[in-house]
Amino acid sequence: APLSPPDLSKCHLATDDATNQQVKCCPPYTTAKFKDFEPPSHRDPLRVRKPAHKLRADEIARFEEAIAKMKALPADDPWSYMQQATIHCTYCNGAFDQKGTETLLQIHGSWFFLPWHRYYLYFWERILGKLIGDPTFAIPYWNWDTPEGMYMPKIYLNPQSPLYDDTRDKNHYSSVLDYNYAYGDPNPAGPQIEETITSNLCRLDRIFKESHHQPSLFMGKPLRAGEVVPANASGSCENLHNTMHQWVGPPTSPYYNMGNFYTAARDTIFFGHHANIDRLWDVYSKFRGQRPEFRDRDWLDSTFIFYDENREVVQVKVRDSLTPEHLRYTYSPEKLPWTNIRR
Ligand code: C2O
């Protein structure tokens with residue numbers, strides 16, 4: 001059966017998996033009634049997400065203004081920066097059971113990874129747009145699948161900016177991103193820099209080719225109501241994405257912020273990273289002619305809950321998340337330097 005929305009009133013403590021400590025990640029609206037999500041009108045403006053390394057000064061200023069406003073909201077406001085970050089903990093560190101069961105709700109490690117994060121970013125973006133009164137506002141993405149983007153984007157590295165987070169691995173501030181990075185690896189130097197870039201591009205090409213006819217390889221394997229996330233059910237897209245979390249976050253436990261589920265979304269770069277993951281799903285889907293990746297109702301009818309940009313609690317279904325344009329956003333067209341790359 002498909003996942004049911006959680007019972008908000010039964011939220012409980014979650015667990016930080018690095019320290020095993022109990023943490024509070026319940027939303028401030030546990031008694032709310034929720035209604036069905038309605039996708040935005042097709043007459044609404046299409047928000048265009050651009051690469052972080054290509055934003056103009058005025059676009060950076062808009063983004064900073066929106067984040068600063070979100071950070072200034074009271075701590076218990078569901079729109080506030082910390083509450084928005086805590087949503088990640090809620091659904092990743094076990095603050096809810098799957099309704100009617102004792103199985104913890106977990107949206108990582110299976111075919112729910114991409115749709116759940118798509119909605120997470122969707123509401124975050126629209127709330128930010130509301131805060132600055134701009135219905136066309138779009139979040140930037142960290143374009144790490146192109147050589148110029150294989151660095152921490154500069155917009156996140158200005159210590160005076162609300163986009164800054166001092167917990168990151170400073171050793172990586174100007175180093176090239178290595179998709180094979182493991183904690184402690186030295187930065188590529190000299191001719192290794194070009195080799196790393198090429199090997200990153202080849203990895204992407206391989207991921208897309210291998211999974212073209214088998215979406216579960218890219219998206220993740222099924223998870224059905226009542227099941228615990230099986231081992232090795234995550235898709236190649238999610239597996240690749242884990243590396244950026246580790247590379248941005250500090251190399252030592254508890255890996256706050258980016259390297260730990262509990263805290264990852266406290267770093268604004270999380271959303272830039274996930275926007276690129278979301279974009280790669282869109283690229284994948286368009287390569288496949290936009291046929292749904294799965295026709296299984298256990299996927300399509302699975303339901304999550306979010307607090308929206310109208311201050312309402314809504315239940316969203318996977319089936320409404322399959323196309324960005326249907327949610328009235330899109331990605332600026334960029335070259336895909338990894339398609340059919342030759343070594
Ligand atoms: Cu919810 Cu990047 O993980």
Side-chain angles (χ1 to χ4, degrees), residues 3 6 14-18 23 25-27 49 52 81-96 98 104-125 139-145 149 152-153 156 163 165 167-169 172 177 179 181-183 204 207 218-221 223 229 232-251 254-282 284 302 304-307 316 318 321:
L3 288 189
T15 310
D16 169 359
D17 20 48
V23 287
C25 296
C26 291
R49 297 183 183 171
Y81 191 82
M82 267 311 261
Q83 290 295 343
Q84 285 292 309
T86 301
I87 293 171
H88 197 254
C89 172
T90 315
Y91 289 93
C92 316
N93 297 73
F96 285 118
Q98 290 184 33
L104 293 176
L105 182 55
Q106 168 58 268
I107 51 65
H108 293 86
S110 74
W111 65 2
F112 293 123
F113 171 76
L114 287 163
W116 185 85
H117 287 82
R118 174 164 286 175
Y119 277 124
Y120 186 24
L121 268 61
Y122 169 85
F123 291 110
W124 192 73
E125 175 173 75
I139 58 174
Y141 62 90
W142 175 13
N143 191 189
W144 45 248
D145 58 306
M152 273 193 219
Y156 301 105
L163 313 181
D165 184 316
T167 65
R168 301 180 194 132
D169 187 343
H172 292 153
L177 166 68
Y179 290 7
Y181 173 75
Y183 286 125
L204 279 166
I207 286 176
F218 185 85
M219 307 286 295
K221 299 204 177 84
L223 178 74
V229 179
N232 304 322
S234 52
S236 46
C237 189
E238 181 174 357
N239 293 338
L240 174 61
H241 127 282
N242 293 338
T243 306
M244 290 72 185
H245 276 278
Q246 297 178 353
W247 186 78
V248 172
Y255 311 108
Y256 301 157
N257 287 336
M258 263 291 270
N260 184 316
F261 276 158
Y262 164 45
T263 53
R266 295 180 185 179
D267 186 341
T268 308
I269 204 174
F270 171 98
F271 296 90
H273 174 34
H274 271 274
N276 202 43
I277 285 291
D278 187 66
R279 169 177 163 268
L280 292 178
W281 176 19
D282 188 38
Y284 178 79
S302 278
F304 316 119
I305 289 188
F306 285 92
Y307 187 94
V316 295
V318 168
S321 74

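It should be emphasised that the depicted structure is a prediction, and the values quoted were computed from it without experimental measurement. Throughout, residue positions are numbered sequentially from 1 according to the sequence presented. Both counts, for ligands and for their atoms, begin at 1 and track the order of listing.
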Q.
So, of the N/O/S atoms that H245 has, which is the nearest one to atom 2 (Cu) of ligand 1?
A. NE2
(Q) Measuring only between side-chain heavy atoms, which start at C-beta, is Y120 closer than 4.5 Å to I107? (A) no
Q: Rounded to the nearest 10 degrees, what's the angle NE2 of H108 makes with NE2 of H88 at atom 1 (Cu) of ligand 1? Could you check?
A: 110°
Q. Can an N, O or S atom be found in C92 less than 2.8 Å away from atom 1 (Cu) of ligand 1?
A. no
Q.
At a threshold of 2.8 Å, where the distance has to be below it, does atom 1 (Cu) of ligand 1 have an N, O or S atom of H117 nearby?
A. yes
Q: Report the C-alpha separation of H117 and I277 in whole Å, then their side-chain angles, then the decisive distance to 0.1 Å, and conclude whether the side chain to side chain contact (heavy atoms under 4.5 Å, CB included) test is met.
A: CA-CA 9 Å; H117 287 82; I277 285 291; over 6 Å; no
Q. Relative to the ring of W116, is the ring of F304 parallel (under 30°), tilted (30 to 60°) or perpendicular (over 60°)?
A. perpendicular
Q: Can you see which heavy atom on R118 is nearest to which on S321, and at what distance?
A: NH1-O, 2.7 Å
Q | W142 and L177, any side-chain heavy atoms less than 4.5 Å apart | A | yes
Q) Under 2.8 Å from atom 2 (Cu) of ligand 1, is there an N/O/S atom belonging to H274? A) yes
